[in-house]
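Report on the following structure.
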Amino acid sequence: MKKVLNLLNNRNWLGLLFMLPAATLLLLFLTYPLGLGVWLGFTDTRIGRIGEWVGLDNYAYLVGNPLTQLFCLIPYSTQSSPVL
């Protein structure tokens, strides 16, 4: 018990103790959407049904789709061109 009281009197441990709930919430709310987005990128999920694992097929489709290539190139070509 005395060891716990000594830790609570230490400013470094007390700061860590107060930051722990905020760090936990940030970690939860930042990593869950990132993980879900990665998972959905590798599946063919639609609203209302469970998706199946398709691996890199979604990304291969995007690379081979000319419309996607066009929309990916438009911002770069307009930002790199000087206005005369």
Inset, instruction - Classify the ring geometry between Trp53 and Trp39 as parallel (under 30°), tilted (30 to 60°) or perpendicular (over 60°). - result: tilted

Legend entry - Validation row: Trp13, Phe18 side chains within 4.5 angstrom (heavy atoms): no

Inset, instruction - List the atom of Leu40, the atom of Asn58, and the distance in Å for their closest heavy-atom pair. - result: O-ND2, 4.1 Å

Legend entry - Spatial distance of atom CG (Leu25) from atom CG (Leu30) [nearest 0.5 Å]: 10.5 Å

Inset, instruction - Looking only at non-hydrogen atoms, find the nearest pair between Glu52 and Asp44 and report the distance. - result: N-OD1, 2.6 Å

Legend entry - Tyr59 atom OH: more than 12 heavy-atom contacts under 6.0 Å: yes

Inset, instruction - Can you measure from CE (Met19) to CG (Leu26) and round to the nearest 0.5 angstrom? - result: 8.0 Å

Inset, instruction - Quick one: pull up CG in Leu67 and CG in Leu62 and give me the separation to the nearest 0.5 Å. - result: 10.5 Å

Inset, instruction - Mark yes when over 12 heavy atoms from residues, nucleotides or ligands other than Arg46 sit less than 6.0 Å from its CZ; otherwise mark no. - result: no

Legend entry - Rounded distance (nearest 0.5 Å) linking atom CG of Leu17 with atom CG of Asn12: 12.5 Å

Legend entry - Leu36, CG atom: more than 12 neighbouring heavy atoms under 6.0 Å: yes

Legend entry - Within-4.5 Å side-chain heavy-atom neighbours: Leu56 and Phe42: yes

